Structure formats: C-alpha cells, structure tokens
Amino acid sequence: MKRIIRDREHLSKMPGNACVSKEKYTISTVAEQYGTVTVMRKSIGLKTDARGCERKVLPGAEPALSQFKVIQMKTSLQPLCGQGVQLMESLVSFLTRGYELVGLESGFCNKSAGDQLQADAILVRK
C-alpha cells in the first residue's frame, strides 16, 4: 500500500507517493499496547514510524520506555511531513533518556536530486 502524503513539499520530494486510499484506525499509546502483551524475554525492541507525529509518540511511550532495550525509529533528514520531527530533535529525545545511537539505516531518498530524505535510527539503552 502506498503512503498517504498530503504535504505538497513532501510529495514534490517523493514523486509517486500520493493519497490513494484512506482507512480508519484506533489510536493508542505504546504504553497501552505494551500492557496488553505478555513479554517472554528480558530484552525487547520497539520500532516506530509515526509519519509526522513523532512528538506524540515519546510521551505515549514514556511509561514503558524502560522496557525497551533497542529502538528503531524512522526519522527525517529533511522536513517532509509538515509537523514532522527531524533527526536531531528525535535523537535528543532518546539520548537524554539513556539511549545511544548505534546506527542509521538508509530510508527514502529523492532519486532525481540524490537527497537522502529519511533514515531509521537504531538506538540502544545504555
């Protein structure tokens, strides 16, 4: 399924991505979801792709954050989603909570301009 893109600047940087459908979904927090599962291991990870709502993810994850040893977080290297958070702001949020950056995985890029637009930051709790 293609991503839903409403931001014209984002769309101009990622041609071929446009609103092709809509779907309804229920929003909850990471902490709420974590409370509904049985964890069988001492070390678990969290993967986030908040598509412009990164500022809302961290407060919703805060009560369960100490349970996650590894976090893989999609983040923007350039402004893409209007309210989206860029790499440095995202990293500071986790670095100040005891995580360290151990890697970046390449994500979306603007092939015509050669710009890297997004990457997955890999963070590990110290």
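In this text, all values refer to a predicted model and were calculated from it rather than measured experimentally. Along the sequence shown, residues are numbered consecutively beginning with 1.
Here the OG1 atom belonging to T48 is positioned 8.5 Å from the CD atom belonging to Q72, to the nearest 0.5 angstrom. For the atom pair CD1 (I122) and CG (L104), the distance works out to 8.0 Å, reported to the nearest 0.5 Å. The structure places OG1 of T75 at 9.5 Å from CZ of F94, a figure rounded to the nearest 0.5 Å. Here the straight-line distance linking atom CE of M88 with atom CG of L95 works out to 8.0 Å at 0.5 Å rounding. Q67 contributes atom CD, which lies 12.0 Å from atom CG of L46 (distance to the nearest 0.5 angstrom).
For R125, the salt bridge (Lys or Arg N to Asp or Glu O under 4.0 Å) criterion is met by no residue, not counting sequence neighbours. Legend: residues meeting side-chain hydrogen bond (donor to acceptor under 3.5 Å, both in side chains) with E32, ordered by chain and number and at least two apart, are absent. Scored by the side-chain hydrogen bond (donor to acceptor under 3.5 Å, both in side chains) test, E105 finds no partners at all (sequence neighbours excluded).
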(request) Apply side-chain contact (heavy atoms from CB on, under 4.5 Å) to the pair I71 and L65, showing each step before the final yes or no. (result) CA-CA 9 Å; I71 295 176; L65 207 55; 3.9 Å; yes

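Among all heavy-atom pairs drawn from F68 and Y99, the shortest one is O-OH, 2.6 Å. The shortest heavy-atom contact between G60 and T29 is O-CB, 3.4 Å.
Under a 3.5 Å cut-off, the side chain of Q116 and the backbone N or O of Q118 do form a donor-acceptor pair.
Residues V124 and V30 are members of separate hydrophobic clusters, defined by side-chain heavy-atom contacts under 4.5 angstrom among Ile, Leu, Val, Met, Phe, Trp and Tyr. I44 is not connected to V70 by any chain of hydrophobic side-chain contacts under 4.5 Å among Ile, Leu, Val, Met, Phe, Trp and Tyr, and they are in different clusters. Linking ILVMFWY residues whenever their side-chain heavy atoms come closer than 4.5 Å, directly or via other members, leaves L123 and V102 in distinct clusters.
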